[in-house]
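Below you'll find the structure, written out as structure tokens, and then a few comments.
Residue numbers begin at 1 in each chain, while the letters A, B, ... track the order of the sequences. Just so it is clear, the structure is predicted and the values come from calculations on it, not from any experiment.
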Number of protein chains: 2
Amino acid sequence: MAQTHKKVTIYDVARLAGVTAATVSRVINGKANVAHETRERVLKAIEELNYYPSPLASGLHSHQSNQIGVLVPFFFGEFFYKVLSHISQVIPFPYELVLYDAATPEIKTHTLQKIFGEKKLNGLIVISLPLLKEEAFLAMQSGLPLVLLDNVHPSFPSVYFDNVMGMFHATQHLIKLGHRRIALINGAHEDPFHLEVAKHRHEGYRLAFDMARIPFDPGIMFVNDWSRAGARFIAHKILKMKNRPTAIMCTSDLQAIGVLEACKEAGVAVPEEISVMGYDDMDFADFFGLTTVQQSFQTIAKIALDMLMERINQPGSKPEKVALMPTLIVRKTTRELV
Amino acid sequence: MAQTHKKVTIYDVARLAGVTAATVSRVINGKANVAHETRERVLKAIEELNYYPSPLASGLHSHQSNQIGVLVPFFFGEFFYKVLSHISQVIPFPYELVLYDAATPEIKTHTLQKIFGEKKLNGLIVISLPLLKEEAFLAMQSGLPLVLLDNVHPSFPSVYFDNVMGMFHATQHLIKLGHRRIALINGAHEDPFHLEVAKHRHEGYRLAFDMARIPFDPGIMFVNDWSRAGARFIAHKILKMKNRPTAIMCTSDLQAIGVLEACKEAGVAVPEEISVMGYDDMDFADFFGLTTVQQSFQTIAKIALDMLMERINQPGSKPEKVALMPTLIVRKTTRELV
DNA sequence: TTGAAAGCGCTAACAG
DNA sequence: CTGTTAGCGCTTTCAA
């Protein structure tokens, strides 16, 4: 046995306080019907014995563990870290955070089945991942309060960054500066989870062109795996084009860094000869003076948790959708086309 | 009630399979003494009802939740994210990860008391944080398997990066390149948790000088809050010195970036006029061509978990200490003094 | 205001 | 090999 010394139980407290377990339970749960003097005595006993109620035992009754689950695809790096960090900062007492890692779609489905089947969590926040039909069905059926963060589903409260608008504003910024030939380096449209970020950002890019009534050139729209290395490779190709674009719009800061790298290698000055934009406003974007798009992790975490708590406290409430508008951060990698 | 639909219990399965709960329990737990045919029947019933055993109920018996706790100070950024991510990758079935955020020393103590008092976790990994005497006492007393990651305590298994040696090798690298006047920008020695990173890195720095029998100048040893901004400020002062150091050794990559920034602003070429080193090998160090010190998060996570599992499986085992040697990564911000 | 007793879902003797 | 029974620690009627 791992736990050598046995636990102090409610009975130990009861005995010491000269009452029964029921009374101790009442005190613990703050019920009104306990004599002041008795309550004091119990409290003293609890203190003295250093008693902590067993969440396992009380949970057996309520079918609740006082734990909030967070399902995440760990590979999202800084994005995920920040969201998680803010969630942990706003999670109300006495909830604990349980981390579930959806490394693959199969693991994700499996984990969800287990969560819905075990029915021990008080709530679940699904980050970035979409909910498949089958999964959504199980979720509804289990009745587990569930919120989507950075994704949407009609049947569940969802809070997400508006990727279409974010990208729209970003591209529009470039257009306003006079750019017309704006290359796009997008992230992969195809991924095992079928995320829609790339698709939405692509839409935002096109929307900006449509709104400005400018035709866009499919020949300068590229796709890679969101990586710096991939973007660097593509940027080199772009820089060598005869009719070279005057700006490169990336769907991630990482990609933008790769582009910056390529520009440096090719001896092309940024922003003098070409403008470059990122997306995400990662910690280092500031140092690179990267013009980019910022999303408030603090806000999204707060809202997701608020939604979840509301869902927990009044299960009937209808699922709201909140779209968060990203903010354009103009720094030094973009400038007016002369 | 949040959980509308009630749980399928072991009794439902037993009824459907035409056996008693005890037999179902045996099947679930893979006990040998169940007739093959009976087992099949039970398994089918489980499948059919989509039954998941209640961890709360079974946990009430074993006093275990099949959960591993991770206590972290969330502010550590990339470092913490990587460790956590690797832990989640190597955590063995069927353990879950529970996150505890030690935002302040008080919260940390509180959380530990609760953890030790509740006795529900199967094990706990404390990341980066030291264990106070009182906390260690409670830990021992509770018998909870506990492992320290990135810190040491005589009574508990510990795995950590050797900061003295890491810094020693880093500084030695500079000395080997012919540098003698090497400024140090260290992180704060004083912090609410009384971490010893700064102290150890400082020791490593001095050790390198001692070994080389070179006197060092306390006048070029600085301390800031590990931040980029702080380091940038200090670097500017350093760059203005009459007898300017030929190299600046930082105790974090963030600081090194700040120094690089200052050099650029002051028009001092790196590494031609001055060498700069970081520590941590963060994601972006590579892009900056920063010479730095790398620590393997994968290794430290794996070892911590192995230690914990051993501790869980044989509580008596004596607490090992494993020091991980950081690796020097030479890139382009350091060069031989001419 | 407090106690007695039943029960949450599962496990572990102990019989048979 | 399988059923019976008695808890694990806490909560919650129902009485007193």
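For the OP1/OP2 pair of dT2(C) and a distance below 4.0 Å, the side-chain nitrogens and oxygens of Asn33(A) include no atom meeting the criterion. Within the 4.0 Å cut-off from OP1 or OP2 of dG9(C), not a single side-chain nitrogen or oxygen of Thr9(B) is found.
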(request) In sequence, state the C-alpha distance, the side-chain angles, and the governing distance for Phe116(B) and Tyr52(A), and then conclude on ring pair (Phe, Tyr, Trp, His ring centres under 6.0 Å). (result) CA-CA 9 Å; Phe116(B) 299 142; Tyr52(A) 284 85; 9.8 Å; no

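In terms of position along DNA chain D, the nucleotide closest to Ala21(B) lies nearer the 5' end than the nucleotide closest to the other residue of the pair Ala21(B) and Leu60(B).
Considering CG of Leu305(A) and OG of Ser88(A), their distance stands at 10.0 Å, rounded to 0.5 Å. Atom-to-atom distance recorded for Phe161(B):CZ and Ile300(B):CD1 is 3.5 Å, nearest 0.5 angstrom. Taken from NE2 in His153(A) to NZ in Lys321(A), the straight-line distance is 8.5 Å, to the nearest 0.5 Å. Separation of atoms CD (Gln298(B)) and CD1 (Ile303(B)) is listed at 11.0 Å; rounding is to 0.5 Å. Taken from CG in Leu112(B) to CD1 in Ile107(B), the straight-line distance is 12.0 Å, to the nearest 0.5 Å.
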Name the pairs: protein N/O against N/O of nucleotides 13-16 of chain C, kept only if under 3.5 Å.
residue : atom : partner  : partner atom : Å
dA13(C) : N6   : Arg26(B) : NH2          : 3.4

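The CG atom of Asp12(A) sits 11 Å away from the C1' atom of dG9(D) (whole-angstrom rounding). Distance, His61(A) NE2 to dG9(D) P: 14 Å, rounded to whole Å. Here the P atom of nucleotide dC8(D) and the NZ atom of Lys119(B) are 16 Å apart, to the nearest Å. Put simply, NE2 on His63(B) is 19 Å from P on dG9(C), counting in whole angstrom units. Whole-Å rounding puts the Gln64(A) CD to dC10(D) P distance at 18 Å. If you measure from atom CZ of Arg15(B) to atom P of dG3(D), you get 14 Å, rounded to the nearest angstrom. If you take CD1 of Ile10(B) and P of dG9(C), they are 11 Å apart, rounded to a whole angstrom.
For the segment residues 35-59 of chain A, the set of residues with a heavy atom within less than 4.0 Å of an atom of DNA chain C comprises Ala35(A), Thr38(A), in numerical order.
Taken over five-pair windows at either terminus, the axes of the helix from dT1(C)-dA16(D) to dG16(C)-dC1(D) are inclined to one another by 40° (rounded to 10 degrees).
Note on Ser25(A): a base of the nucleic acid sits closer than 4.0 angstrom, heavy atoms only. When heavy atoms are screened at a 4.0 angstrom cut-off, Val24(B) is found touching no nucleic acid atom at all.
With distances taken from any side-chain atom of Thr23(A) to the nucleotides dC10(C), dT11(D), dT2(C), the minimum falls on dT2(C).
By the 4.5 Å heavy-atom criterion applied to side chains, Val13(A) and Val27(A) are not counted as neighbours. At least one side-chain heavy atom of Lys108(A) sits less than 4.5 Å from a side-chain heavy atom of Leu132(A).
Using a 4.0 Å cut-off between charged side-chain N and carboxylate O, Glu40(B) and Lys44(B) make no salt bridge.
Open room surrounds CD on Glu47(B); 12 or fewer heavy atoms of other groups in view lie less than 6.0 Å from it.
Formation of a donor-acceptor pair under 3.5 Å by the Asp191(B) side chain with backbone atoms of Phe193(B) is found in this model.
Checked by atom type, the side-chain pair Tyr100(A)/Glu96(B) shows a donor-acceptor distance below 3.5 Å.
Side-chain atoms of Tyr11(A) and base atoms of dC8(D) include no donor and acceptor less than 3.5 Å apart.
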